[in-house]
Amino acid sequence: MCKWLILIVAVLLNGCALTPNIESADEIVGGWECESKDDFVGQINYRDKIDYNANGTFKKNSTVEIQMPGNPETYEIYIDGIGGWMMKDGQLTEHLSKYDVAVSSNIPARYADEFKNDLDLPQKGVWTLKPFGDNQALKTSQYGQKLTCKKTY
């Protein structure tokens, strides 16, 4: 059962897009906060804080909240990652070069070890970004997952 959660988390952490598309790297540079709620089966909420640097690097802090059907307790997975990014042909491509995984203390040990040791995130994510308000964008992954994002600086 935990294996499908690992797969879902990997997909959630791999992609984003917006309409009309943001196509300039200058529009990406800065801090962004993104979130998605109630994805896939069960209740999975996802939050990102991402800093896109002008030199093409990024730092990402992600939190995935999981609530299993029939269980009122919420479990959290924390992922800190770094890598490089580029804009090309209207798509944001992220190359994740390193990441660390931690979990909330309430996750049962058998699952905690799987998340910390077996979570294999994709090294490349491709996103489309579409602005929809002041400093906001809809981020859509190559897999169709959508995140609502707000530029913080």
Side-chain angles (χ1 to χ4, degrees), residues 1-18 22 27-53 56-86 91-153:
M1 180 171 186
C2 189
K3 295 286 184 191
W4 71 266
L5 281 175
I6 290 173
L7 177 62
I8 290 171
V9 169
V11 169
L12 283 171
L13 294 171
N14 189 39
C16 232
L18 313 175
I22 292 175
E27 295 176 273
I28 300 297
V29 172
W32 290 85
E33 291 182 2
C34 301
E35 70 177 348
S36 178
K37 295 188 180 285
D38 298 333
D39 280 326
F40 301 103
V41 266
Q43 184 178 11
I44 299 176
N45 297 323
Y46 173 77
R47 289 186 314 275
D48 258 347
K49 289 185 179 180
I50 311 168
D51 292 314
Y52 293 107
N53 301 308
T57 62
F58 72 86
K59 179 180 179 183
K60 181 188 287 192
N61 304 104
S62 304
T63 302
V64 181
E65 296 175 341
I66 301 170
Q67 186 175 16
M68 302 299 286
N71 184 349
E73 195 161 17
T74 299
Y75 305 119
E76 293 183 331
I77 303 166
Y78 312 103
I79 301 161
D80 295 328
I82 58 171
W85 68 275
M86 63 180 274
Q91 293 187 320
L92 170 63
T93 301
E94 297 176 349
H95 293 277
L96 187 63
S97 57
K98 181 182 176 193
Y99 62 92
D100 295 309
V101 179
V103 298
S104 58
S105 61
N106 65 334
I107 291 182
R110 67 183 184 275
Y111 298 134
D113 290 341
E114 280 190 59
F115 281 118
K116 289 192 278 188
N117 300 321
D118 296 338
L119 185 60
D120 188 17
L121 300 179
Q123 293 182 356
K124 179 180 176 182
V126 179
W127 310 87
T128 304
L129 302 172
K130 298 186 182 289
F132 69 87
D134 267 354
N135 294 316
Q136 296 183 61
L138 176 64
K139 197 174 179 184
T140 304
S141 78
Q142 66 217 45
Y143 303 109
Q145 188 233 354
K146 296 182 185 322
L147 301 174
T148 302
C149 301
K150 181 169 181 65
K151 193 167 189 180
T152 58
Y153 68 89

Spacing of [X] atom [atom1] and [Y] atom [atom2] [to the nearest 0.5 Å]:
X	Y	atom1	atom2	answer
Ile107	Glu114	CD1	CD	11.0 Å
Tyr99	Asp120	OH	CG	4.5 Å
Glu76	Ile66	CD	CD1	10.0 Å
Asn45	Thr63	CG	OG1	11.0 Å

Review point. What residues, two or more places apart in sequence or in another chain, satisfy salt bridge (Lys or Arg N to Asp or Glu O under 4.0 Å) together with Glu65?
Key: Arg47
Check your understanding: Side chain of Lys60, backbone of Leu96: donor and acceptor closer than 3.5 Å?
Key -> no
Exercise for review: Give a yes or no on whether the backbone of Pro72 and the side-chain of Gln67 come within a donor-acceptor separation of less than 3.5 Å.
Suggested key: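 Indeed, once roles are kept as given, a pair shorter than 3.5 Å links the two residues.
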Check your understanding: Looking at the rings of Trp85 and Tyr52, which for Trp means the six-membered one, are their centres under 6.0 Å apart?
Key -> yes
Review point. Do Cys34 and Tyr46 have side chains that get closer than 4.5 Å, going by heavy atoms?
Key: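 No, too far: nothing below the 4.5 Å cut-off.
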Exceeds 12 heavy-atom contacts within 6.0 angstrom, atom [atom1] of [X]:
X	atom1	result
Lys59	NZ	no
Asn117	CG	yes
Lys49	NZ	no

Exercise for review: Using distance alone, with no hydrogens and no angle criterion, decide if Tyr78 and Asp80 have a side-chain donor and acceptor under 3.5 Å apart.
Suggested key: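 No.
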Practice item. Specify the closest pair of heavy atoms between His95 and Phe58, including all atoms of both residues, with the distance to one decimal. Key: O-CE2, 3.8 Å
**Study point:** Taking every non-hydrogen atom, the tightest pair across Ala112 and Val103
**Key:**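 Scanning both residues, the minimum pair turns out to be CB-CG2, 3.6 Å.
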Practice item. For side-chain contact (heavy atoms from CB on, under 4.5 Å), just list the numbers for Ile82 and Thr57, CA-CA rounded to whole Å, side-chain angles, deciding distance to a tenth of an Å, and then say yes or no. Key: CA-CA 7 Å; Ile82 58 171; Thr57 62; over 6 Å; no
Practice item. Could you give me the CA-CA distance, side-chain angles and deciding distance for Thr93 and Lys124, then say whether side-chain contact (heavy atoms from CB on, under 4.5 Å) is met? Key: CA-CA 7 Å; Thr93 301; Lys124 179 180 176 182; 3.7 Å; yes
Practice item. Scan Leu121, Ile50, Ile77, Ile79 and name whichever one has a side chain to side chain contact (heavy atoms under 4.5 Å, CB included) with Ser62. Key: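 For Ser62, the side chain to side chain contact (heavy atoms under 4.5 Å, CB included) test succeeds with only one of Leu121, Ile50, Ile77, Ile79, which is Ile79.
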Practice item. Quick one: do Thr148 and Lys150 satisfy side-chain contact (heavy atoms from CB on, under 4.5 Å)? Show the steps, please. Key: CA-CA 7 Å; Thr148 302; Lys150 181 169 181 65; over 6 Å; no
